[in-house]
Amino acid sequence: MSGVRARGEDIRKFIIDHVEKKPASIARLTAEKFDISRQAANKHLQRLTEEKILTDSGRTRNRSYRLAPLVEWEKVYPVGGSPAVSEGTVWTADVKPALGQLPDNVLNIWHHAFTEMFNNAIDHSQGTIIGVCMYKTAANTRMEIHDDGVGIFKKIQEASQLLDERHAVLELAKGKFTTDPRNHSGEGIFFTSRMVDRFTILSGGVVFSHELGKKEDWIQEPAETLPGTGVFMILHNHTSRTTKKVFDQFTTDEDYTFSKTVVPVALARYGDDNLISRSQAKRLLARIELFRVVILDFSGVPSIGQAFADEIFRVFANEHPDVELMPMHESSDVKRMIARVKGTSLPAPPTES
């Protein structure tokens, strides 16, 4: 009986993990996956529906299924009042109880992600309210933290005197960026975006997103401009990921300092721009000397210009020999250009007469 029960649990887990992507064909997909009849697959779907894990609509062959909400929760917190709102108090009193039963490693990720993002909104948004929304199903939990402040990209643009709000996205993607270095390390957004399955920031006219398993981060412009900042996070309820595993990916020594980063090179360009100039390279390289290992991810970059490559792989590399530059996901054209500039040596300094 234990084998039958285990197989039944495997079938249920498969349905829960795949029903959102295949709502109308989940019965057929399940039957094919486990070599069972459509009738047997439908019995599992019916049982999950009776347990309110799934909802269904339509009839017979036109029936489709969705994950039912197990938790729908939201609350708005005033900022700047008395007593002052804090991320720790909100987590303990409201958010953790609303999340309900989850594995310890998942709760730890949510603890880190929520407190970092809520604290950012308190300290940086200059807004009057922070809203928190949560939507939990049997598969995953989605959380949104939004404020009515100045907007994260706009604030970074003004603090760093950048020409465009989109330049701020590249700085966030690198990590170690903050407008308040006395009180913040600049690591919160970087690590949070790597801990959850999908991380999105929507602010003003820019959207920044990082999705687990995808090669590159991306920027897009939303259909409408929204005030303040919205942070959206999704995490599977039974991921094996841990906060330690994520931190370990970006450390190169025993003291766990944040010394390794991945820079999505595509963020240095906008639209169909080609990466050809030294100014584009310098924008990409800003603050890179803060890291020991820099992985330059060329996903989505079919080619680069000689000046762009030379500034990174010859000029910068020679000026910062303690920083290891590691390109990845390069196209054949990018590989050839990098090899070409690396073969060019710096001119010898003039000798004293």
Side-chain angles (χ1 to χ4, degrees), residues 74-77 79 84-99 102 104-127 129-134 140-153 155-156 159 168-169 171-203 207-212 217 228-236 239 241-251 256-262 290:
E74 63 180 306
K75 190 171 180 178
V76 176
Y77 301 88
V79 180
V85 66
S86 74
E87 69 277 8
T89 300
V90 174
W91 166 261
T92 302
D94 297 334
V95 176
K96 185 179 179 182
L99 282 168
L102 287 171
D104 287 345
N105 66 305
V106 178
L107 271 178
N108 287 339
I109 290 174
W110 275 124
H111 188 190
H112 177 96
F114 171 78
T115 54
E116 286 284 353
M117 297 304 99
F118 195 90
N119 179 260
N120 274 355
I122 293 173
D123 288 354
H124 299 308
S125 73
Q126 299 174 254
I129 60 168
I130 304 173
V132 182
C133 304
M134 185 188 305
N140 55 46
T141 301
R142 307 173 190 178
M143 194 180 297
E144 174 189 345
I145 301 171
H146 60 271
D147 63 64
D148 63 346
V150 297
I152 184 172
F153 302 133
K155 184 167 186 180
I156 293 173
V169 176
E171 298 311 308
L172 289 180
K174 296 174 190 174
K176 286 192 179 182
F177 182 89
T178 176
T179 57
D180 184 14
R182 292 184 62 183
N183 298 306
H184 289 266
S185 66
E187 299 179 10
I189 289 177
F190 181 91
F191 281 106
T192 299
S193 69
R194 269 68 182 173
M195 287 181 185
V196 297
D197 295 333
R198 183 162 185 172
F199 178 89
T200 302
I201 299 177
L202 170 60
S203 181
V207 178
F208 166 68
S209 183
H210 177 86
E211 188 169 350
L212 185 73
D217 296 348
T229 300
V231 178
F232 306 84
M233 299 175 284
I234 301 176
L235 180 65
H236 197 284
T239 181
R241 202 172 316 120
T242 66
T243 54
K244 182 180 184 302
K245 286 180 181 178
V246 176
F247 283 124
D248 285 350
Q249 289 178 38
F250 300 98
T251 58
Y256 291 97
T257 56
F258 181 19
S259 55
K260 179 180 178 181
T261 190
V262 179
L290 299 176

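- With sequence neighbours excluded, the residues forming a side chain to side chain contact (heavy atoms under 4.5 Å, CB included) with D148 are T128, I129, listed by chain and number.
- Remark: the backbone N or O of R241 is paired with a side-chain donor or acceptor of N105 at under 3.5 angstrom.
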Self-check item: Step-by-step side chain to side chain contact (heavy atoms under 4.5 Å, CB included) determination, F153 to T229
Solution: CA-CA 9 Å; F153 302 133; T229 300; over 6 Å; no
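- Take F118 and apply the ring pair (Phe, Tyr, Trp, His ring centres under 6.0 Å) test, not counting sequence neighbours, and it matches Y77, F114.
- Residue A93 comes nearest to P97 through the heavy atom pair O-CG, 3.6 Å, listed as atom of the first residue, atom of the second, then distance.
- Considering every non-hydrogen atom in both T192 and H112, the closest pair reads OG1-CD2, 3.6 Å.
- S86 meets the side chain to side chain contact (heavy atoms under 4.5 Å, CB included) test with T89; sequence neighbours excluded.
- M233 places a side-chain heavy atom less than 4.5 Å from the side chain of M117.
- Side-chain contact between H210 and R194 is present, with at least one heavy-atom pair separated by less than 4.5 Å.
- A 6.0 Å sphere centred on CD of E74 holds no more than 12 heavy atoms belonging to other residues, nucleotides or ligands.
- The line from CG of L235 to CZ of R198 is 14.0 Å long, rounded to the nearest 0.5 Å.
- Taking 4.5 Å as the limit, some side-chain heavy atom of F247 sits within range of a side-chain heavy atom of M195.
- Looking at V231 and F199, their side chains come closer than 4.5 Å, going by heavy atoms from C-beta outward.
- Scored by the side chain to side chain donor-acceptor pair (under 3.5 Å) test, N140 finds no partners at all (sequence neighbours excluded).
- In terms of heavy-atom proximity, V246 sits nearest to F250 at O-CD1, 3.3 Å.
- Here the closest heavy-atom approach between residue K155 and residue H124 is recorded as NZ-O, 2.8 Å.
- Annotation: salt bridge (Lys or Arg N to Asp or Glu O under 4.0 Å) contacts of K260 (sequence neighbours excluded): none.
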Quiz prompt | Residue pair L99, L107: steps toward the side chain to side chain contact (heavy atoms under 4.5 Å, CB included) verdict | solution = CA-CA 8 Å; L99 282 168; L107 271 178; 4.0 Å; yes
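- Between I234 and R142, some side-chain heavy-atom pair lies under the 4.5 Å cut-off.
- The ring pair (Phe, Tyr, Trp, His ring centres under 6.0 Å) test applied to F232 returns no partner, not counting sequence neighbours.
- Between E116 and G188 the shortest heavy-atom distance is OE1-CA, 3.5 Å.
- Side-chain contact check for N108 versus T242: every heavy-atom pair is 4.5 Å or farther apart.
- D197 and H236 get closest at one heavy-atom pair: OD2-N, 2.7 Å.
- For F190 and F258, the ring centers sit closer than 6.0 Å to each other.
- A heavy-atom distance below 4.5 Å is found between the side chains of I189 and I152.
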